[in-house]
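Read the structure below first, then the notes.
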Amino acid sequence: MLNRMLGAISLSVALLAGGLSPAFTQTTFQGEGGKVRVLSFPSGNDYPFWLITKLALDKKYGFELENIAIQPGGAVMTAFRSGATEGGLMNWLEVARARTNGDQVSAIVPFLEMPNVWIVPKNSPAKDIAGLKGLKIGTYNRFSPEWILYLATARDKAGYDPKVDSTVQEAGPGLLRGLLDQKQIEAGFIFYNLAMPMIATGEYRLLFSSRDLLEGGNLSKATMLTSVAFRDEYIKSNPKNVKAFVLAYQDAVEYMRKDDGIWGEMLGRQSINDPAVVQLMRDWTRTVTMDHFSADPMADTKKLFAKLYAVGGKEALGIDTLPEGIFNTSVGK
């Protein structure tokens, strides 16, 4: 009995000497190890992925993140199909289209709510969505869920069809500012990280955001737009690495929310150095960045899909129904 007591005391002393308490000796969750390749968009919000590496959160959870820069579009799906990546940024409609076409990918963690915005010159007469009727409007993508949401809201709430009653011009996100500056368009639907510097100049103002349209349509403002999706094959073969990535991502988002000092360095990589712009970007990014699924992401998405399908149909959405398996909510649990 005495020997057992002495042994227990010795163990306790050793733990305390190492800075640990017997009640708190749990180790951090660890992945299987090795590289995990994830696609992100360096011209947009790649902030959590940069932070994972910056703070060595991948090492904390036992894997190595390879953050692969790519532009939105067809190259993303090509990388998934070729096995050139384990995961990457995809909006829910892209995941749904992929699964409908037989590509086995699933959203494992949400990334962004609907983040993007409509801006107009400071002297524009437009005050709300109704004010865009008859104007020349630029969009970066006529097939994005956010744009189709605008079409639906314009019809339902403002009584006009932008495809008929306005002039719509599609251009790359970076080109839209030039079109606005040259007065070739009178309003622009644009990435928020491009809009905020424009608003900060005082020459442009925010008209409304996609989040405003969701709220006006009795839809949850927290409805996810973009996720980090992974190949189902990799989720099955390396479940611990996938969970480890989710944990590292969630830590990075939490750090973004709490630490004001990191934003100057993080945004400086994108040549955003004006303190007023940094503050706008910090506050909006914190608002729209997600790290946990809602209670029922499929139900939220079905409501939005029904609204969008009523306006655009298969021609705009590319599918008639939402397939099963879009969201893999079990990974982050």
Side-chain angles (χ1 to χ4, degrees), residues 39 41 72-81 85-116 139-156 163 189 209-236 242 246 288-333:
L39 310 173
F41 308 143
V76 172
M77 202 62 240
T78 298
F80 272 96
R81 287 172 177 156
T85 189
E86 281 69 68
L89 295 179
M90 297 179 73
N91 68 49
W92 60 263
L93 185 55
E94 290 169 331
V95 176
R97 287 171 179 160
R99 293 190 70 84
T100 299
N101 291 332
D103 297 301
Q104 297 303 300
V105 296
S106 306
I108 61 159
V109 68
F111 177 44
L112 292 176
E113 299 174 7
M114 288 195 170
N116 297 315
T139 177
Y140 74 89
N141 188 342
R142 292 182 296 110
F143 298 102
S144 77
E146 290 178 291
W147 177 257
I148 303 170
L149 176 62
Y150 160 64
L151 298 182
T153 307
R155 290 180 182 180
D156 293 347
K163 293 191 292 183
F189 168 51
S209 69
S210 296
R211 286 164 52 84
D212 296 329
L213 300 184
L214 284 171
E215 189 173 35
N218 295 318
L219 297 165
S220 171
K221 290 176 71 171
T223 299
M224 186 199 80
L225 175 67
T226 308
S227 70
V228 184
F230 268 63
R231 292 185 288 113
D232 287 359
E233 177 186 4
Y234 188 80
I235 295 172
K236 292 175 182 176
V242 178
V246 170
V288 300
T289 302
M290 306 176 72
D291 60 356
H292 288 83
F293 284 114
S294 66
D296 193 343
M298 192 63 172
D300 294 339
T301 304
K302 282 182 176 179
K303 290 178 184 177
L304 178 57
F305 181 84
K307 187 176 184 70
L308 303 186
Y309 190 84
V311 173
K314 186 176 182 179
E315 179 183 359
L317 297 175
I319 53 177
D320 285 312
T321 58
L322 289 175
E324 296 299 320
I326 296 174
F327 305 106
N328 186 335
T329 59
S330 65
V331 175
K333 292 181 178 178

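All residue numbers in this chain count up from 1 along the given sequence. Values below: all heavy atoms of this structure, side chains included; hydrogens, waters and symmetry mates excluded.
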* Asked: Hey, mind stepping through Val109 and Val331 against side-chain contact (heavy atoms from CB on, under 4.5 Å) and telling me if it holds?
  -> CA-CA 8 Å; Val109 68; Val331 175; over 6 Å; no
* Going through the checks in order, is the side-chain contact (heavy atoms from CB on, under 4.5 Å) test met by Thr301 and Phe327? -> CA-CA 10 Å; Thr301 304; Phe327 305 106; 3.3 Å; yes
* Kindly indicate, with the supporting measurements, whether the criterion side-chain contact (heavy atoms from CB on, under 4.5 Å) is fulfilled by Ser227 and Val95. => CA-CA 9 Å; Ser227 70; Val95 176; 4.3 Å; yes
* Criterion side-chain contact (heavy atoms from CB on, under 4.5 Å) on Leu89 and Phe111, from CA distance to verdict -> CA-CA 8 Å; Leu89 295 179; Phe111 177 44; 3.4 Å; yes
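Looking at heavy atoms from C-beta onward, Pro145 lies in side-chain contact with Met114 at the 4.5 angstrom threshold. A heavy-atom distance below 4.5 Å is found between the side chains of Tyr140 and Asn116. Using a 4.5 Å heavy-atom cutoff, the side chains of Leu322 and Tyr309 are not in contact.
Not one N or O on the side chain of Asn101 forms a donor-acceptor pair closer than 3.5 Å with the backbone of Asp103. Counting only distance, with no hydrogens or angles, the side chain of Arg99 and the backbone of Val105 share a donor-acceptor pair below 3.5 Å. At distances below 3.5 Å, not a single donor-acceptor pair connects side-chain atoms of Arg97 with backbone N or O atoms of Ile319. Using modelled atom types, no side-chain atom of Glu215 and backbone atom of Asp212 make a donor-acceptor pair closer than 3.5 Å.
Smallest separation of non-hydrogen atoms from Met290 and Ala222: CE-O, 3.4 Å. When every heavy atom of Met77 is checked against every heavy atom of Ala98, the shortest pair comes out as SD-CB, 3.8 Å. Minimum interatomic distance between Arg231 and Thr85 (heavy atoms only, all atoms of both residues): NE-O, 2.8 Å. Closest of all the heavy-atom pairs between Arg142 and Trp147 is O-CD1, 3.3 Å. Between Leu214 and Ser220, the shortest heavy-atom contact is CD1-O, 3.6 Å. Nearest heavy atoms, Ser210 versus Phe189: OG-CE1, 4.1 Å.
Taking a 6.0 Å sphere around NZ of Lys303, one finds it holds 12 or fewer heavy atoms contributed by other residues, nucleotides or ligands. Under a cut-off of 6.0 angstrom, the local environment of CG in Asn218 is sparse, with at most 12 non-hydrogen atoms contributed by other residues, nucleotides or ligands.
Asp300 contributes atom CG, which lies 11.5 Å from atom CH2 of Trp92 (distance to the nearest 0.5 angstrom). Atom CD of Glu86 and atom CD1 of Ile108 lie 11.0 Å apart (nearest 0.5 Å). Atom CG in Leu151 sits 11.5 Å away from atom NZ in Lys307 (nearest 0.5 Å). Note that the CZ atom of Phe305 and the CG atom of Leu317 stand 5.0 Å from one another [nearest 0.5 Å]. Note that CG of Leu213 and NZ of Lys221 are 11.0 Å apart. Values are rounded to the nearest 0.5 Å. Note that the CG atom of Asp320 and the OG1 atom of Thr100 stand 9.0 Å from one another [nearest 0.5 Å].
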